[in-house]
Number of protein chains: 4
Amino acid sequence: MSGTLNKVMLIGHLGDEVKMHYFEGGGCIGRFPIATNETYTNKQTGERVTNTDWHNVVVRNKAAEICEKYLSKGDKVYVEGRLKNRQWQGEDGNTRYSTEIQVQDFTFLTTKKESMANNQQNGGGNSQAAAQSSQKPAQASQPSHSVSEPEDDLPF
Amino acid sequence: MSGTLNKVMLIGHLGDEVKMHYFEGGGCIGRFPIATNETYTNKQTGERVTNTDWHNVVVRNKAAEICEKYLSKGDKVYVEGRLKNRQWQGEDGNTRYSTEIQVQDFTFLTTKKESMANNQQNGGGNSQAAAQSSQKPAQASQPSHSVSEPEDDLPF
Amino acid sequence: MSGTLNKVMLIGHLGDEVKMHYFEGGGCIGRFPIATNETYTNKQTGERVTNTDWHNVVVRNKAAEICEKYLSKGDKVYVEGRLKNRQWQGEDGNTRYSTEIQVQDFTFLTTKKESMANNQQNGGGNSQAAAQSSQKPAQASQPSHSVSEPEDDLPF
Amino acid sequence: MSGTLNKVMLIGHLGDEVKMHYFEGGGCIGRFPIATNETYTNKQTGERVTNTDWHNVVVRNKAAEICEKYLSKGDKVYVEGRLKNRQWQGEDGNTRYSTEIQVQDFTFLTTKKESMANNQQNGGGNSQAAAQSSQKPAQASQPSHSVSEPEDDLPF
DNA sequence: TTTT
DNA sequence: TTTT
């Protein structure tokens, strides 16, 4: 079924640190914002204008741990994933909506943290490197397998 | 400046007709929702689950007119563009947020309307065909040029 | 390591049937050509010109079998993968070069064969459906895992 | 017409300097190789293997000049474009084939040359910045317009 | 021929 | 909230 495509590709800078959430079953999730810029020349005034867009990025499990380990605020990263609309009840009882990028693949373009970090984190679909620092390299080569798990058991 | 990338690529079906808005300066905008599906097998229950994501697509000017002319509810389309977060004041005074895909390129994958429609609509960056039915083919080949205009003069 | 990206995305029609090759170890590979079109208006003459580009697509294992089962000449397909340059010795002793797209993900946009076919075939990185007709649905959801295998043991 | 998609996206390092060719009509073209890496763990031996793929990148006109000005060997760049197969007669009379990436968009991820360089070079489809150093900013914002010109008058 |  |  399906015959559809839902793909987002971003290159941008982290606006904040990776925030981790750990679940009882052992899974985890990391969240961080990425900024992309758009610059153009206003035709009326001739001045250059820069707009920033902020994107809510969500990474899971092994991939989340690698992001937390190597990425920090200000780092540049390539991120690939799916657009996902999420809604939840705000504290005031109103329904809130947000759009997230659920990461399937990423690669570090700069990192301020430890040096051997720049691993391509793959969506399982190609044979690129995962964290060499991993204890389980064989498994680490499909880290985002867990990204694709059913979400029905995750409390968020 | 910049060194960033903000790209979305969708293949999905229109959930509604293209809604046009015309501006005083002569510009226009078309909006329509696209559905993409995600299907997976719930590991606990073994049953197949399908989720639908809805995406707010925005097209401008010449490209909007072509979409309105050839696309209708249910049609399948490929759409490429930028993720853009927009906020506005709701009627209740609260700030509302939404995420849109601002189209830079598209191609029809099925259309129920007139037949010679399936044109690749390009972001100006490649030499693909625009609507052959256009009266101004030379211009029509860069229809989304107008998509990239400064937005500061547009009342939305 | 890495920090690189190698991605190709095509929507086009099959120029021929899927040709399968089976290996001793149990693996297999499918090959087929995809045509994409580029159309533009010649500025000198004002006439519309269409060029066709042919792409050599390679799919592996489970994914290859699904393609063979559901795709045939003329079908439209979305294909995503990596660009790979391959060289081999021609029968005349000269070195031959070709560029292939090694598929990581695909989705059928039309199929002439059996109807329940249109499955999104995923690179293992997202939770989309694989062939529902599969005997091993749990495994079938990472069909292109095998696409990412080391190639050093494959005689082609 | 069409309804097809032909898109390549690469992040990699330049293996050589940008080689320019100037044509009589005033147009020009720049060529350079980009390397992407693929790393995986050989399941048999457990060792990590890295393969490098080389891609022939072609940029035109204004965009080519910006690449030549700011990019040099070893720089990292994001490049987006079309796959194009080209054939020509070799000096030995044999037909040669090569596959090129015809650039529609790019952004510098590192540059060794002058500092204010990192401009997003756009395919005309979005409103990002072009070279601020340009004398003609308004025009420079669609530099790759020229990339999409008919090629029938270009001697290569 | 690049990079880590 | 990032970056140039």
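All values reported here derive from a predicted model rather than from experimental measurement. All values below come from the heavy atoms of this structure, side chains included, with hydrogens, waters and symmetry mates left out.
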Chemist: Among E:dT1, F:dT3, E:dT3, which is the nearest nucleotide to the side chain of A:N37?
Modeler: F:dT3
Chemist: Taking only residues two or more places apart in sequence or in another chain, which ones pass side chain to side chain donor-acceptor pair (under 3.5 Å) with A:E91?
Modeler: none
Chemist: Just the rounded figure in Å: distance from C1' of E:dT1 to CG of D:D53.
Modeler: 13 Å
Chemist: Roughly how many Å is it from CZ in D:R48 to P in E:dT3, rounded to a whole number?
Modeler: 20 Å
Chemist: How close or far is atom C1' of F:dT3 from atom CG of A:L71, stated in whole angstroms?
Modeler: 15 Å
Chemist: Quick one, D:D53 and C:N6 - any side-chain contact, counting heavy atoms below 4.5 Å?
Modeler: yes
Chemist: Nearest whole Å is fine: how far is F:dT2 P from A:D75 CG?
Modeler: 13 Å
Chemist: Inspect the contact between A:E17 and A:K73 and indicate whether a charged nitrogen and a carboxylate oxygen are less than 4.0 angstrom apart.
Modeler: no
Chemist: Given F:dT1, E:dT3, F:dT2, which nucleotide is nearest the side-chain atoms of D:H13?
Modeler: E:dT3
Chemist: In this structure, how many angstroms lie between the C1' atom of E:dT3 and the CG atom of D:N51, rounded?
Modeler: 14 Å
Chemist: Picking from D:L71, D:D75, D:N56, what satisfies side chain to side chain contact (heavy atoms under 4.5 Å, CB included) with D:F32?
Modeler: D:L71
Chemist: F:dT2 P sits how many Å from B:N6 CG, rounded?
Modeler: 18 Å
Chemist: Just checking A:G12: base, sugar-phosphate only, or nothing, at a heavy-atom cut-off of under 4.0 Å?
Modeler: nothing
Chemist: Describe the nucleic acid contact of D:T36 in one word from base, sugar-phosphate, nothing, applying a heavy-atom distance below 4.0 Å.
Modeler: nothing
Chemist: Whole Å only: how far is the CZ atom of D:F108 from the P atom of F:dT3?
Modeler: 21 Å
Chemist: Would A:W54 pass as stacked on F:dT2, i.e. its ring centre under 5.5 Å from the base's six-membered ring centre and planes under 30° apart?
Modeler: no
Chemist: Take the protein atom CG of A:L10 and the nucleotide atom P of F:dT1, then report the distance between them rounded to whole Å.
Modeler: 21 Å
